[in-house]
Amino acid sequence: MSRRLHGLLAEFDTAEQLLAAAEKVRAAGYRQIDAHSPFPVHGLAEAVGFQRTILPALVLLGGLMGAAVGFGMQYYISVIDYPLNIGGRPLNSWPQFIPVTFELAVLFAAGTAVLGMLALNGLPKPYNPLFNVERFALASHDRFFLAIEATDPQFDPVKTRRLLESLQPHGVYEVED
Amino acid sequence: MTEPHHMPLIEPGHTHATVTDKIAAIVLERGVSKGWILGFFVAFSLFNVLALSVAYLVYKGLGIWGINNPVGWGFAIVNFVWWVGIGHAGTLISAILLLLRQEWRTSINRFAEAMTLFAVSCAGIFPLIHVGRPWVAYWLLPYPNTMSMWPQFRSPLLWDVFAVSTYATVSALFWYVGLIPDLATLRDRAKNRLVQIVYGVMALGWTGSAKHWFRYETAYLLLAGLATPLVISVHSVVSFDFAVSVIPGWHTTVFPPYFVAGAIFSGFAMVLTLTIPIRKIYGLEDFITMRHLDNMAKVMLATGLIVGYGYLMEAFMAWYSGSPYEQFMIWNRLTGPYAVPYAGLLLCNIVIPQVLWSGRVRRNIPLLFVISIIVNIGMWLERFIIVVTSLHRDYLPSSWGMYYPTIWDWATFAGSIGLFLTLLFLFIRVLPMISIFEMRLLVPANRKENAP
């Protein structure tokens, strides 16, 4: 089996150390980096160079689409395809279409939020080279990890390792594909 | 005595590791205890009562229930509204309290969301079996069909179909998204290969990446923002089932807010009924502290008062409207054949919860447990009174009647409790009942103000 180096992984004891390390590694010019923590750490995404997500915009679009589908469906059914006289109300009795319009808006928006989050995060991802590092299981426990991928133009197995070791990690591990 | 707002959300001495170990161990290491087997057996037996009752209903028809003309809505609708209402506290805890930055919600939100999901499952059964021919219940949905017919979108009953199904879907999504990081924790800690695979598949390959967390938190907040108006809309729509009709006692504008408050009231009562024994049995007193119980009791007290205001307004509007039918409705409630359940609901929902003004009562756990059960009963009686008293004597005395539940009504109701408890027992056994990753945020290392 051919083992290829996927990147280097450094383990830290606290969130503060991880945050400081991420900022230093980024300042050193690395871009293909990511940090892994057992809970969301404020400012960590920014430290690895991640500024914003289009998710809220997608959710807004999803909600608007749900509302349009909801109202459009009711209009088509109640006015065009199957007009019924209910207590003399106008066929397009729009106030009575609001509840279903609202529910579908929420349904579509929530669906977009979940599916959009997963899709943007590239999940589900059953195989991840990081899982080959035994200590990485602690990323969901109480340990903090910083990964630099080998695809980073700055990456050099020796120099990058030296940089990571200068950040006083608990350990530095090689990640194999 | 320490004042409740100084009481800790999490007992001192916990770290990221201990929080994780303690909650994950309940699922991974504790194994199946005798108590669990016994509880599950009882719950599952009751669930079988439901299966039997529904099977007999399908075989025989709605005649096995006590419903008749004029009381066409019996236990089925009472139970539906009761269960949906119970579910609402879960969404309140997980969504509204998140948006209000109430950190104490953390240790009870997972559990409360699960309760929501299971309560909505129980609720959903009743309208479906109440339609009489449940095998064509899908006619409720708008789909092109060979009958060339469409549903009638001007009816609140159809709004209900959309409201409740959206609510069930969004609650399930919210719950699952909240579970993903914890499923990854279980995956990483499981020793057994099969268990690893099952949790691994469900965790979707979560690695706790900073970029993932960023989008995750965004999505979670957006879901909370969406679930908040949703939960209010759902019980408002449920109240429209009544309020949009022209039956005395139903046709009133106070119904939506009064139903929503009642839902939260009963839901918090149910959360207390469930968490008090569970925190004891699973030794979770460190995480579900007195402060949580105290806060929940306060929410119960406040929403109970809103419900009391609703009762008062019903009576006031009946008098103020000048409508003889409305006035008769209230008089009939107070003195008619259902006066005893009405008195019971006033006692359970209005009178008894007033003891919660006392801090000593709120911190007396056995008493709080008893009060929470009383409120559950009271809120069930409320729905019974709303459904039955308005229908059994409306405009024409010639069409008056009485509603007496049959053994099958009771069996179906008891069976739905069985379904609820069965799902709850399974949940406690296989999933972390407290959100592990959110608890990590509460440990002293992450909270400077708590540091010694």
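Below, chain A is the first sequence line, B the second, and so on; all start at residue 1.
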Given heavy-atom pairs under 4.5 angstrom as the criterion, report whether the side chain, backbone, both or neither of [X] touches chain A.
X        : answer
B/Leu230 : both
B/Gln152 : side chain
B/Ile180 : side chain
B/Ser165 : neither
B/Leu223 : side chain

Can you tell me if [X] uses its side chain to pair, donor with acceptor, with the backbone of [Y] under 3.5 Å?
X        : Y        : result
B/Trp150 : A/Gln74  : no
B/Arg440 : A/Pro38  : yes
B/Arg154 : A/Gly87  : no
B/Trp159 : A/Gln96  : yes
A/Ser140 : B/Asp188 : no

Max heavy-atom pair count under 4.5 Å with chain B, selected residue of [options]:
options                              : answer
A/Ala147, A/Ala110, A/Gly111         : A/Ala110
A/Leu84, A/Thr14, A/Leu120, A/Asn128 : A/Leu120
A/Gly122, A/Pro56, A/Pro126          : A/Pro56
A/Val41, A/Leu130, A/Ile86, A/Asn121 : A/Asn121
A/Ala35, A/Gly49, A/Ala22            : A/Ala35
A/Leu44, A/Thr112, A/Val114          : A/Val114

Please report the closest heavy-atom contact between [X] and [Y], naming both atoms and the distance.
X        : Y        : result
A/Leu123 : B/Gly205 : CD2-O, 3.7 Å
A/Ala113 : B/Ala219 : O-CB, 3.8 Å
B/Val170 : A/Val106 : CG2-CG1, 4.3 Å
B/Ala210 : A/Ala45  : O-CB, 3.8 Å

Going by heavy atoms in the side chains, are [X] and [Y] under 4.5 Å from each other?
X        : Y        : answer
A/Met117 : B/Thr218 : no
A/Leu107 : B/Thr169 : yes
A/Pro124 : B/Trp206 : no
B/Thr207 : A/Phe131 : yes
A/Phe39  : B/Met439 : no

Portion of [X] that has a non-hydrogen atom of chain B nearer than 4.5 angstrom:
X        : answer
A/Pro40  : both
A/Val59  : side chain
A/Arg52  : backbone
A/Tyr127 : neither
A/Leu146 : neither
A/Phe144 : side chain
A/Leu18  : neither

| query | Which of the residues B/Val201, B/Asp21, B/Leu158 is involved in the greatest number of heavy-atom pairs with chain A at under 4.5 angstrom? | reply |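 Highest number of pairs under 4.5 Å: B/Asp21.
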
| said: If we define contacts as heavy-atom pairs under 4.5 Å, which of B/Pro229, B/Ser155, B/Gly225, B/Gly200 has the most with chain A? | reply: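 Winner by heavy-atom pair count: B/Pro229.
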
Could you give the distance from [atom1] ([X]) to [atom2] ([Y]), rounded to the nearest 0.5 Å?
X        : Y        : atom1 : atom2 : value
A/His141 : B/Thr185 : NE2   : OG1   : 9.0 Å
B/Tyr216 : A/Leu118 : OH    : CG    : 10.0 Å
B/Arg189 : A/Leu138 : CZ    : CG    : 8.5 Å
B/Glu217 : A/Leu55  : CD    : CG    : 12.5 Å

| request: Kindly check if the number of other-residue, nucleotide or ligand heavy atoms within 6.0 Å of CD (A/Gln168) is above 12? | output: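 Atom CD in A/Gln168 is not crowded, with 12 or fewer foreign heavy atoms closer than 6.0 Å.
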
| message | For the residue pair A/Asp34 / B/Ser209, report whether a side-chain donor-acceptor contact shorter than 3.5 Å exists. | response |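 Checked: B/Ser209/A/Asp34 side chains pair up, N/O donor to acceptor below 3.5 Å.
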
| task | For side-chain contact (heavy atoms from CB on, under 4.5 Å), just list the numbers for A/Thr53 and B/Phe214, CA-CA rounded to whole Å, side-chain angles, deciding distance to a tenth of an Å, and then say yes or no. | result | CA-CA 8 Å; A/Thr53 167; B/Phe214 189 84; 3.7 Å; yes

